[in-house]
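Since the structure is predicted, the reported quantities are computational estimates derived from the model, not experimental observations. All chains are named by letter (A, B, ...) in the order of the sequence lines, taking the proteins before the strands, and each is independently numbered beginning at 1. We use all heavy atoms of the structure for the numbers below, so side chains are in, but hydrogens, waters and symmetry mates are not.
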Protein chains: 2
Amino acid sequence: MIASTAAELDSRRIEQKERIGLSHFVEEVGLMFEAVGLPRMAGRIFGWLLIANPPHQSMGDLVEVLQASKGSISTMTRLLIQISLIERVSLPGQRRDYFQIKPHAWSQLTQQRMTQITAFRQLAERGLNLLSDQPPQLRQRLQEMHDMHAFLEKEMPLLDQRWQQEQQRLTERLSTGQPHLTSSSELLPIPVSKSPRTETPEPKL
Amino acid sequence: MIASTAAELDSRRIEQKERIGLSHFVEEVGLMFEAVGLPRMAGRIFGWLLIANPPHQSMGDLVEVLQASKGSISTMTRLLIQISLIERVSLPGQRRDYFQIKPHAWSQLTQQRMTQITAFRQLAERGLNLLSDQPPQLRQRLQEMHDMHAFLEKEMPLLDQRWQQEQQRLTERLSTGQPHLTSSSELLPIPVSKSPRTETPEPKL
DNA sequence: CTGAATGTTCAGTACTTACTGAACAAGGTG
DNA sequence: CACCTTGTTCAGTAAGTACTGAACATTCAG
């Protein structure tokens, strides 16, 4: 099996090139995740799940493709599931579990942002209390901080709502009839286990 | 000067209590800044400038209040100026410079967020190119990522615009006639120096 | 000019945190 | 039951980065 046809070699070169393109993509998603405060490896996993074929991948797949340790993959998939960016799915008759991008994953990130905005608004309120006996001139800085985030708190959900409508419009353009990946296969999403860990993060310090 | 009146002691206790409240506030702004990917010390500076009286503070003030090194303050104020969250001001007849919160600082943070959104949209496009010969089902994940961020790219500026209007409405409620902190005093903002460093970051590696 | 006040730069450190790898569960399968 | 496959947990490390402190500029005062 030493000799290969020209076609085979060519096909391999193309595959090679694509592999490089794909891993670059994965790496960049990793960097973007870091930019929004999430671990790079979580971004790599998410990036790979964005382009993987099939869209559901096992832990073993991820370990191999991303050249990372089992431990890291296990921890990071758990994180991604916890923030609802991916979900765990199982195939009938298969022992191992698979991971795939969760529908509306991106709205979930917006949700996280909302939490931050609320925190900023509350912080502004605390500041205004501290300066309660000061003249309005001095309080103006905090008032602006407060009003801005109160505004966003009101508007962001509306924006997200409008996005959901827009998206429905967009997806109905072409793929009428096959509404979603999950339902197009025999994949079953596994509900997130409400383990005690979720509510009480540190059982033993 | 060993004896003090009860009133003096009381006033000191109150001051002490307020100092604690203020430094808690400063610390929490620091934590929030970390949550959005900026150095904690930058957040502390910004936090202090939100509540300081007067609103403009010198490097020496910051070093003392925040118990940080001159080096750290210098570096972080530079960072904050670069991302337009604060500005450097000078007083006539005063040698040293002062820093204060820049008007519309918060819109600036939104601006930073826009950059990220654009990066995400471009990344989605790269992914779609990589999967250009794949069936729509597989491309759907990236298509959603793309559409979502394209949507936000379109809508966020409009939102910010509406915020500017809203803000004007809100500030006109009370403080009619004194539109802004800067103009209410003899403070002169110092324009950001367009040093070569800005365009070519690493002159000598 | 000398000295003081103000500000910058940068080498070294201290700290945080992601990641590895190995030991440990938990099922299935023969 | 022994054994393999799949997945989790955790101690230790590796790597990145914010921060310190000291040396170095710069400008003003006497």
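A:Q100 and A:Q57 form no side-chain donor-acceptor contact under 3.5 Å, judged by distance and modelled atom types alone.
OP1 or OP2 of D:dT6 lies within a sub-4.0 Å distance of a side-chain N or O belonging to A:R96. Note on A:R78: a side-chain N or O is less than 4.0 Å away from OP1 or OP2 of D:dT9.
Remark: C1' of C:dA25 and CE of A:M59 are 14 Å apart, rounded to the nearest angstrom. The CG-C1' distance, from B:L38 to D:dC19, rounds to 16 Å in whole Å. In this entry the distance linking CZ of A:R40 with P of D:dA15 reads 12 Å, nearest Å. With rounding to whole Å, A:L80 atom CG is found 16 Å from D:dT8 atom C1'. Atom CZ of B:R88 and atom P of C:dG7 are 7 Å apart (whole Å). Put simply, CD on B:E64 is 18 Å from C1' on D:dT20, counting in whole angstrom units. In this structure, CG of A:D97 is placed 16 Å from P of C:dA26, rounded to the nearest angstrom. Distance CE (B:M41) to P (D:dG21): 11 Å, rounded to an integer number of Å.
Without hydrogens or angle criteria, B:S132 side chain to B:N129 main chain gives a donor-acceptor distance under 3.5 Å. Listed for the B:S74 side chain is no donor-acceptor partner under 3.5 Å among the backbone atoms of B:K70. Side chain of A:R121 to main chain of A:D147: no donor-acceptor pair is present (N/O by atom type, distance under 3.5 Å, no hydrogens or angles). Counting only distance, with no hydrogens or angles, the side chain of A:R88 and the backbone of A:Y98 share no donor-acceptor pair below 3.5 Å.
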Protein N or O to nucleotides 25-30 of chain D N or O, pairs below 3.5 Å:
none

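Enclosure of atom CD in A:E64 is not indicated, since only 12 or fewer non-hydrogen atoms of other residues, nucleotides or ligands lie within 6.0 angstrom.
Using a 4.0 Å cut-off on heavy atoms, the residues of residues 66-77 of chain B that approach DNA chain C are B:K70, B:G71, B:S74, listed by number. Residues of residues 24-37 of chain B having a heavy atom closer than 4.0 Å to DNA chain C: none are found.
In terms of the salt bridge (Lys or Arg N to Asp or Glu O under 4.0 Å) criterion, residue partners of A:R126 (sequence neighbours excluded) are, by chain and number, B:E28.
Applying side chain to side chain contact (heavy atoms under 4.5 Å, CB included) to B:D160 and the options B:Q164, B:M156, B:R162 leaves one that passes, B:Q164.
Looking at B:Q167 and A:M148, their side chains never come closer than 4.5 Å, going by heavy atoms from C-beta outward.
For residues 117-142 of chain A, every residue pair satisfying the ring pair (Phe, Tyr, Trp, His ring centres under 6.0 Å) rule, not counting sequence neighbours, is listed here: A:F120-A:H149, A:F120-B:W106. Listed by first then second residue, pairs satisfying ring pair (Phe, Tyr, Trp, His ring centres under 6.0 Å) with a partner in residues 64-86 of chain B number zero, not counting sequence neighbours.
Counting only heavy atoms from C-beta on, B:R44 has its side chain closest to D:dC19 among D:dC19, D:dG7, C:dC19.
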